[in-house]
Amino acid sequence: MLTLPIKKKWFDMIVSGEKKEEYREIKPYYDSRFMNAFGFLNVGGQMVYGEAAPEEIRKSWPVPIVFRNGYSKESPEIICKCTLHFGEGKPEWGAEPGKLYYVLKIQEIEKGAGQ
């Protein structure tokens with residue numbers, strides 16, 4: 001399962017249900033992690049997933065992602081079921097206006113902090 005560190009402000013907003021998306025820059029560091037976690041290929045800037053992706057890499061969506069507030073194994077964390085797409089984010093949720101991101105759309109919080 002993919003674990004992503006997240007700042008306390010954003011972590012708390014996700015736990016409360018206020019923040020419904022998390023953003024990561026589109027760069028090689030995240031390309032391989034998201035491709036493996038979500039089972040997609042990037043073909044000409046488009047995500048190829050589900051039935052369109054080769055069977056050996058397919059994953060069932062939404063995908064569980066661990067958001068951890070810090071880098072320690074003891075740091076608070078939540079597991080969220082997420083979908084993924086390329087897009088612009090909301091500035092009030094930490095995105096720069098006009099910038100494209102990997103957008104993790106939080107479908108449900110599977111396990112909350114301290115549960």
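These values consider heavy atoms only, across backbone and side chains, with no hydrogens, waters or symmetry-generated copies. Residue indices begin at 1 and follow the sequence shown.
- Applying the salt bridge (Lys or Arg N to Asp or Glu O under 4.0 Å) rule to pairs touching residues 46-66 yields Glu51-Arg58, sequence neighbours excluded.
- Rounding to the nearest 0.5 Å gives a distance of 5.0 Å between CD1 of Ile109 and CD1 of Ile78.
- Here the closest non-hydrogen pair linking Glu21 and Lys105 is OE2-CD, 3.9 Å.
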Apply side-chain contact (heavy atoms from CB on, under 4.5 Å) to the pair Trp61 and Tyr49, showing each step before the final yes or no. CA-CA 10 Å; Trp61 287 29; Tyr49 59 91; 3.9 Å; yes

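- Residues Met1 and Pro64 come closest through the heavy atom pair CG-O, 3.4 Å.
- Pro97 and Pro91 make their closest contact through CG-CG, 4.0 Å (heavy atoms, listed as atom of the first residue, atom of the second, distance).
- Listed for the Asn42 side chain is no donor-acceptor partner under 3.5 Å among the backbone atoms of Met47.
- Using a 4.5 Å cut-off between side-chain heavy atoms of Ile, Leu, Val, Met, Phe, Trp and Tyr, with links allowed through other members, Ile26 and Val43 fall into different hydrophobic clusters.
- With values rounded to the nearest 0.5 angstrom, Cys80 atom SG is found 9.0 Å from Ile65 atom CD1.
- Counted within 6.0 Å of CD on Gln46, heavy atoms from surrounding residues, nucleotides or ligands total 12 or fewer; the atom is thus considered open.
- The shortest heavy-atom contact between Ala53 and Gly39 is CB-O, 4.1 Å.
- The aromatic rings of Tyr102 and Phe86 are tilted relative to each other, their planes meeting at an angle between 30° and 60°.
- Atom CG of Asp31 and atom CG of Asn36 lie 10.5 Å apart (nearest 0.5 Å).
- Scanning all heavy atoms of the two residues, the minimum distance from Phe67 to Ile6 falls at CB-CG2, 4.0 Å.
- Rounding to the nearest 0.5 Å places CG of Leu104 at 9.5 Å from OH of Tyr30.
- Residues in residues 79-97 take part in these salt bridge (Lys or Arg N to Asp or Glu O under 4.0 Å) pairs, two or more places apart or across chains: Lys81-Glu110, Glu96-Lys99.
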Using the side-chain contact (heavy atoms from CB on, under 4.5 Å) rule, take Arg24 and Tyr29 through it: C-alpha gap first, then chi angles, then the decisive distance, then the call. CA-CA 10 Å; Arg24 290 295 188 264; Tyr29 178 82; over 6 Å; no

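- Between Trp93 and Met13, the closest heavy-atom pair is CD1-CE, 3.7 Å.
- Once rounded to the nearest 0.5 Å, the distance linking CZ of Phe34 with CG of Leu4 reads 5.0 Å.
- A distance of 6.5 Å separates OH in Tyr101 from CD in Glu25, rounded to the nearest 0.5 Å.
- When side chains are defined from C-beta on, Cys82 does not count as touching Val63, because their heavy atoms never get closer than 4.5 Å.
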